[in-house]
Amino acid sequence: MEARVSSGVLTKIQSPFLSPLHASKLQSSRNMSILPNTIHTHQFSNASLYLRSHQFSNASLYLRSTFSSRTHGFKQAIKDDSREFELSTLTALSPLDGRYWGKVKDLAPYMSEYGLIYFRVLVEIKWLLMLSQIPEVIEVPSFSAEAQSYLLGLIDGFSMDDALEVKKIERVTNHDVKAVEYFLKQKCQSQPEIAKVLEFFHFACTSEDINNLAHALMLKEAMTKVMFPTMDKLVEAICKLAKANASVSMLSRTHGQPASPTTLGKEMAIFSVRLSRERQEISQVEMMGKFAGAVGNYNAHIVAYPTVNWPQIAEQFVTSLGLKFNPYVTQIETHDYMAKLYYAIIRFNNILIDFDRDIWGYISVGYFKQITKAGEIGSSTMPHKVNPIDFENSEGNLGKANEDLTYLSMKLPISRWQRDLTDSTVLRNMGGGLGHSLLAYKSALQGIGKLQVNEARLSEDLNQAWEVLAEPIQTVMRRYGVPEPYEKLKELTRGRAVTKESIREFIEGLELPEEAKTHLLKLTPHSYVGAAVELAKTVDSAVNVINGSEVLENMSLKELAKKLSHIVAPYETG
C-alpha cells in the first residue's frame, strides 16, 4: 500500500517510508515566496539594456517576458504558506523513499514507522498473554481460547488503518508507546475477558522494554526475510561467474603492473568466498533484548508481586520472541549487539566495494563488455558510451550505507548514566543503512547480469606479457642449482621488451635436465595459471548455496590439497 504524509500523520494512501524525515510534513519555503518582483525586474532590465546595445532587443524582450511569466507562475504556486507538499517519489527527501523506492520497499514492513508500531503491538500483547500464565498474578487469570484468539488476531490482522489510528492517538498523547497502549485498550473493550484486565497492558514496563524488543524484532525480520536472501543471490551470482570463467586465463596486475597470470574465474571465486564468510558472521550475531523495567532492576515488578521470579520470567518472555536475553542493563538494552551487526554488514559491504571497483577496472580495460538495452543512454553527449553505472551505483550506495552504519555502531552503545534519549531518534534511522546496502546489492546483481567476457581482449594482454614467465623459469633454475637465477632473469626482462622468441632462446641456453627444459618451453602466459582453474571450479566446496540459504564450509587445507591432487607439477622429473 502506498502512503503519503499529511498533517504530520500517515494517511490511508501512505506507505511505510524508511526515513523518519518523511513522517513529518514538507512545507514550501517562506523566503522564496516573498522574493520581490523588483529584483528580477531590475536584473533583467540591465540585461535587456546590454542586449539592446548589441542589437538584440527582440531577444531581450523575449527573455524578459518568458522569465517574468515563469517566475510569476512559480511564486504563485508557492505563495500560499498553508499549502503543503504531499510526500511522493518527487518530494521525498531521501532517495530511498523517492527515486529508489521500488528497489528497497521490501524493507518497509519491518524498518518503517509502520513496522515499529506493529512490533510494539506484538510485544504488548505477548506480554499480557505471558502475565496470564504466571500463577502468582491472580488478577490476570488464564485466558480462554477465544480471548487468546482475539488477542493474537490483533497481531495477525494488524493493518495500515490500525497504524493510522495509533498515530491519531499519538497526536493527543505526544507519546508513541503510550499511544499503542491506549490503542490496545480501545480494541479490547469489547472482549469481556480482556476488558477486565485492560490495566495490565504495559504492566511494570518502561517504554524501552517495549521498544528494545520491537527494534530487535524489526532487525531480525528485515535481515532474515530481505537482506540475507539478497546477499545469498549476490554470492550465488558471483559463484556462477567464477565457474563459468574458471579456465579463462587473465593477466594479473600487482601494483598495476603485469604479474603472474591467473584466471578470471578464480578472481571471482575469491569474492564469493570472502562475501560468504562475512555473510555467515552476520547471521551469527544474536539479536538481544531486555525486559527489566525502568532501570534494569525489576523495581516495580518486585513491589507489586514480591514472590515472582521476575528475572526468570523476563528471560522466558524475551527468548519466546526468538531473541537472546540480556540480564545486565539500565533502562535500555545496551545496543552492543547492534554495533556488532552493523560492523559485520560494513565488512560485507567493503568486500563488495572491492568487487565493484575490480569489475569497473576490468570493464575499463575491455575484459568485460556490457550487454546493452534498447533505448538506454550512456552519456548525454557521447553516444558511444556504455558506462558501468550499476557498479558505480553499488559502490556509491555502499559508501553511504557504511557511513550510516558506522555512526549507528559508534553512537548506540553510548548512553549517559541509566539512560538518555539520544538513542531514540538515532534508532529511527536503522532503515537507512540497510536500505542503501540493499540498493547496492541489487545494483551489483543487475550489473553482473549485463557482463559479457571479452576473451579476445584478455588473450591480447597475455600475448604481450611474456615477461611473466621469468618467475617460473628462475624458480626451476633455483631447483637445479643454476647460479644467480633471479639476477639473470632480471637482466633479461627488467625494462626490456620480452617476446616469445627471446624467452625460448633463454630457456634453450640453460643447463637444465631435458625434461625440465621441455616443460618450460611448453609454458605460455595463457597456461601459467597454477591451480587457478581448479580453485574456481571447486568454489562451491567453499560456498554452498542451498535454496537461497548460503552455508559456508570450513574446507581444510588437507581437503583442498586432495581436490587439487590431480594437477601434475609441470617440472616433475622421473
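Values below: every heavy atom of this structure, side chains too, minus hydrogens, waters and symmetry copies.
In this structure, R419 and L421 have side chains that are in contact, with non-hydrogen atoms separated by less than 4.5 Å. P258 has its side chain within reach of L251: a pair of non-hydrogen atoms, C-beta onward, lies under 4.5 Å apart. In this structure, P327 and K290 have side chains that are not in contact, with every pair of non-hydrogen atoms separated by 4.5 Å or more. With contacts defined as side-chain heavy-atom distances shorter than 4.5 Å, the pair H436/L398 does not qualify. Between M268 and F355, some side-chain heavy-atom pair lies under the 4.5 Å cut-off. Residues Y118 and L217 form no side-chain contact, since every pair of their non-hydrogen atoms from C-beta on lies 4.5 Å or further apart. Taking the side chain as every heavy atom from C-beta outward, D423 and I414 never approach each other to under 4.5 Å. No side-chain heavy atom of V476 sits less than 4.5 Å from a side-chain heavy atom of P472.
Here the rule is side-chain contact (heavy atoms from CB on, under 4.5 Å) with K220, and of K225, M287, E286 only M287 fits it.
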_Walk me through whether Y407 and Y342 qualify under ring pair (Phe, Tyr, Trp, His ring centres under 6.0 Å)._
CA-CA 10 Å; Y407 176 69; Y342 296 144; over 10 Å; no
_Pair S394-D356, side chain to side chain donor-acceptor pair (under 3.5 Å): steps then yes or no_ = CA-CA 7 Å; S394 177; D356 288 336; 2.7 Å; yes
*Determine, step by step, whether D336 and K340 satisfy the salt bridge (Lys or Arg N to Asp or Glu O under 4.0 Å) criterion, reporting the C-alpha distance in whole Å, the side-chain angles of both residues, the deciding distance to 0.1 Å, and the verdict.*
CA-CA 6 Å; D336 297 328; K340 185 177 182 180; over 6 Å; no
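Electrostatic pairing of E395 and R357 counts as a salt bridge here, judged by a charged N lying under 4.0 Å from a carboxylate O. A salt bridge links K450 with D390: the closest approach of a Lys/Arg side-chain nitrogen to an acidic carboxylate oxygen falls below 4.0 angstrom. Look at R253 and D461 and you find a salt bridge, because one of the NZ, NE, NH1 or NH2 atoms lies within 4.0 Å of a carboxylate O, short of that distance.
Looking at every heavy atom in both residues, M288 comes nearest to A216 through O-CB, 3.6 Å. V539 approaches K243 most closely through the heavy-atom pair CG1-CG, 3.8 Å. For M430 against L427, the heavy-atom pair with the smallest separation is CG-O, 3.1 Å. Nearest heavy atom pair, residue F317 against residue V123, reads CZ-O, 3.7 Å.
Note: F391 and Y362 fail the aromatic proximity criterion, with ring centroids not under 6.0 Å apart.
Within a 6.0 Å sphere centred on NZ of K537, other residues, nucleotides and ligands contribute 12 heavy atoms or fewer. Residue Q284 places its CD atom among more than 12 non-hydrogen atoms of other residues, nucleotides or ligands, all under 6.0 Å distant.
Between the N387 side chain and the I389 main chain, no donor and acceptor come within less than 3.5 Å of each other.
Rounding to the nearest 0.5 Å gives a distance of 8.5 Å between CG of L535 and CD1 of I270.
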